[in-house]
There are 2 protein chains.
Amino acid sequence: MEIKDIRYRVDVSKLIPFAAKVLTKYGEDPEYASITANALAEADICGVRSHGFVRFGQYITKIKKGSLAIKNPIEVAHETETTALVNGNNGMGFVISQKAVELARAKAAKSDIAFVSVYNANHFGAAGIWGSRLAGQDMIGFAGSNAERIVSAPGGLGRAIGSNPFSLAAPAGKYGNLCLDISAGAMAQGKIWEYRRLNKPFPPQCWLRPDGVETTDPFSADFAEFIMFPFGAHKGFGLAVMMECLSALLAGGPLNKEVPSLARDMDKPQLLSQFYCAIRIEAFRPLADFIKGAETIIEYIHELPVREGFPPVMYPGEPEFLSRKKALEEGLLIPETVAKEVLGLAEAVDILDGQEVFNQRLEMS
Amino acid sequence: MEIKDIRYRVDVSKLIPFAAKVLTKYGEDPEYASITANALAEADICGVRSHGFVRFGQYITKIKKGSLAIKNPIEVAHETETTALVNGNNGMGFVISQKAVELARAKAAKSDIAFVSVYNANHFGAAGIWGSRLAGQDMIGFAGSNAERIVSAPGGLGRAIGSNPFSLAAPAGKYGNLCLDISAGAMAQGKIWEYRRLNKPFPPQCWLRPDGVETTDPFSADFAEFIMFPFGAHKGFGLAVMMECLSALLAGGPLNKEVPSLARDMDKPQLLSQFYCAIRIEAFRPLADFIKGAETIIEYIHELPVREGFPPVMYPGEPEFLSRKKALEEGLLIPETVAKEVLGLAEAVDILDGQEVFNQRLEMS
């Protein structure tokens, strides 16, 4: 069975206010709805589709079930000049992250470095967005989260730890930024949807079935039942453990064996923990010199010779940078299934002008 | 050709002052010689043999060639309450690291978080030592270094970037600490010596020959000519790039394409850059709660079920913790080739009581 790849070409400057209007109608505070729509669009624009509008329905389901406290402000439980412990109050993940980023940057602007630790948070989407926003044009950013258990230990039989994504980012002038966004898993969970949509088998050593047997068939288990291999065996697993320490262990949030599943436990708060660290570059050297050095690193990477049959080497953040440029210039391509879900959710709350946003249907070859 | 595995069982409390005495005789400041001997022993004790006394001769060669400034104190070039930019003055790597760790911990004790950036540094051995020492019993530690180019880019043909090792560590009460110590390479360079000594082939996808062809033969090129695969393709490579940003780019040191080789360019300063970050746990939550949580994470990891044929899962830092315990209780096992080199270097400067340290020769089965 082959499924046709139909997409809508969407103008991002129309999509974001439209999605924000829908979220507001579902009850989210207008400022927060705008942050949420912006973060979902940012993930799609950057090509991190697994964390973009493909999850719009999931967030609205959680709002409807009351398992996301969409009006609670985040609260600083304790702070010093360089640190803050923040209670996310089970708010929308993107909103908590945006506020934590702003707090970390404000503290680092005064004290050169800051570390904000958050508990009672929710899924924050693509880690790279928050690393990049922490970095801005003048800092180094480091952000991470724990997550529901999905990754197996090396040689493990079942779920051991979350994919615990993190991002490290630094400004890079004309190249945007150097931004690594990785998780401990061999493949992001959200990509299962892509493999199903295109009816393609997984690469080997990516997923176990719930019974602990390796599989390449994306339909061989329920979406939420697959178990991820860690990448690089003990290295990926070890990174996940240390991200657990930097997030939940430091924030005092539940350790990830107690974190409910986003997909399976729609009516429970996720109680995730996160961290946001910003380092002001000018505390160490002139910013212009740093940026020039970052550009030098990137130009060096672009000149690296490759073996026959391999594509040119990219810098961390380059796939996102190129995808972003293309999406902003030519419009964002949204899969039909996602477009239809968004339109349906809008119509259900009497927002009927969605066709003006999703107005260009394309059949991909 | 099979090589017999002969080792000496050594009492660490005798080895450290002996090695310090030898280093002092070669001209290192006595305090610094003690730090150096201690760090080399610590690597061996923790089972990270590639960074232990196997490198003793290499350091002494560099001292003799005058390419390590063994008496220069490190200098703080610029500092704020939370940060310091340190000129390592081409001093012995271990000494610079120890001083940078002490500085970062002192600043974090007052300001909750600190970041020390170092240029003009040298090889610091096992990253995990510095992560652990930054952490101590009350902080989270994060340390990393750039390094001479040895890792290829994904699909790359030659040397692209350093292995750029880093460590993340947190105190874990009765289990020592959670301490991840990884580099971007599929295998540490120092391990080539182990494979040669035991005459064993490399695992696949670890090394390229200088001509860009993959090899499993540890004798197929000069030690210093092998090129490493990155682990996890773009993930390992991306980590190396970001460690370059946190070390050399921030410190203003030479980017690693300009870093001379430790093994090949014995008469040049290495001009490495490093970073040392410490985060005070009590700025966020009571230390006892954090430690209890760390122990809970470890006990959870120990209880994870594994697939048939796989060993029990270990926490990051557990191999080092177990090796350390055994070495301190039963003595450290040093390969004969290494023991002979250390003894020879001692005798060359008229230190003749080495047999009292290396007094128990064992033929391993």
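Here is the naming used below: chain letters follow the sequence lines, and residue numbers restart at 1 for every chain. Nothing here was measured: the structure is a model prediction, and the numbers come from that model.
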Original post:
Looking at Ile301(A), Leu239(A), Leu246(A), Ile279(A), which has the largest count of heavy-atom pairs under 4.5 Å with chain B?
Top reply: Leu239(A)
Original post:
If you measure from CZ on Phe284(B) to CG on Leu249(A), what distance do you get to the nearest 0.5 Å?
Top reply: 12.0 Å
Original post:
Side chain, backbone, both or neither: which part of Leu208(B) has an atom under 4.5 Å from a heavy atom of chain A?
Top reply: side chain
Subject >> Segment of Ile140(B) engaging chain A (4.5 angstrom heavy-atom cut-off) >> reply: side chain
Subject >> Euclidean distance, Met243(B) CE relative to Leu180(A) CG, rounded to 0.5 Å >> reply: 8.0 Å
**OP:** Name the option with the most non-hydrogen atom pairs under 4.5 Å to chain B; the candidates are Val241(A), Leu85(A), Asp289(A).
**Re:** Val241(A)
Original post:
With a 4.5 angstrom heavy-atom cut-off, which part of Phe231(B) approaches chain A: side chain, backbone, both or neither?
Top reply: side chain
Original post:
For Tyr315(B), is it the side chain, the backbone, both or neither that has a heavy atom under 4.5 Å from a heavy atom of chain A?
Top reply: neither
Original post:
Just wondering, are more than 12 heavy atoms of other shown residues or ligands nearer than 6.0 Å to CD in Glu81(B)?
Top reply: no
**OP:** Identify the two heavy atoms, one from Arg159(B) and one from Tyr300(A), that lie closest to each other, and give their separation to 0.1 Å.
**Re:** O-OH, 3.8 Å
Original post:
Side chain, backbone, both or neither: which part of Ile113(B) has a heavy atom under 4.5 Å from chain A?
Top reply: both
Subject >> Contact summary for Arg307(B) and Phe229(A), nearest pair of heavy atoms >> reply: NH2-CE2, 4.1 Å
**OP:** Give the minimum heavy-atom separation between Ala160(A) and Leu304(B), together with the two atoms involved.
**Re:** CB-CD1, 3.6 Å
Original post:
In terms of heavy-atom pairs under 4.5 Å with chain B, which of Gly236(A), Ala153(A), Ala283(A) leads?
Top reply: Ala283(A)
**OP:** Pick one of side chain, backbone, both or neither for Ala77(B), based on which atoms fall under 4.5 Å of a heavy atom in chain A.
**Re:** neither
Subject >> Residue, of Gly238(A), Pro286(A), Gly232(A), that accumulates the most heavy atom pairs under 4.5 Å with chain B >> reply: Gly238(A)
**OP:** Measure Phe166(B) against the heavy atoms of chain A and call it side chain, backbone, both or neither at under 4.5 Å.
**Re:** side chain
**OP:** For the pair Lys235(B) (side chain) and Ser183(A) (backbone), establish whether a donor and an acceptor sit closer than 3.5 Å, ignoring hydrogens and angles.
**Re:** yes
Original post:
Which heavy-atom pair separates Ile297(A) from Cys245(B) by the least distance, and what is that distance?
Top reply: CD1-SG, 4.5 Å
**OP:** Report the distance from atom OG1 of Thr83(B) to atom CZ of Arg280(A), rounding to the nearest 0.5 Å.
**Re:** 8.0 Å
Original post:
Do you know which of Ala294(A), Cys179(A), Ala251(A), Ala233(A) has the most heavy-atom pairs under 4.5 Å to chain B?
Top reply: Ala294(A)
**OP:** Would you indicate whether Glu214(B), at its atom CD, is surrounded by more than 12 heavy atoms from other residues, nucleotides or ligands within a distance under 6.0 Å?
**Re:** yes
Subject >> Among the listed options Ile281(A), Leu250(A), Ile161(A), the residue most often paired with chain B at heavy-atom distances under 4.5 Å >> reply: Leu250(A)
**OP:** Would you name the heavy atoms of Met242(B) and Leu178(A) that are closest together and state the gap between them?
**Re:** CE-O, 3.7 Å
Subject >> Side chain Thr82(A), main chain Asp112(B), donor-acceptor under 3.5 Å >> reply: no
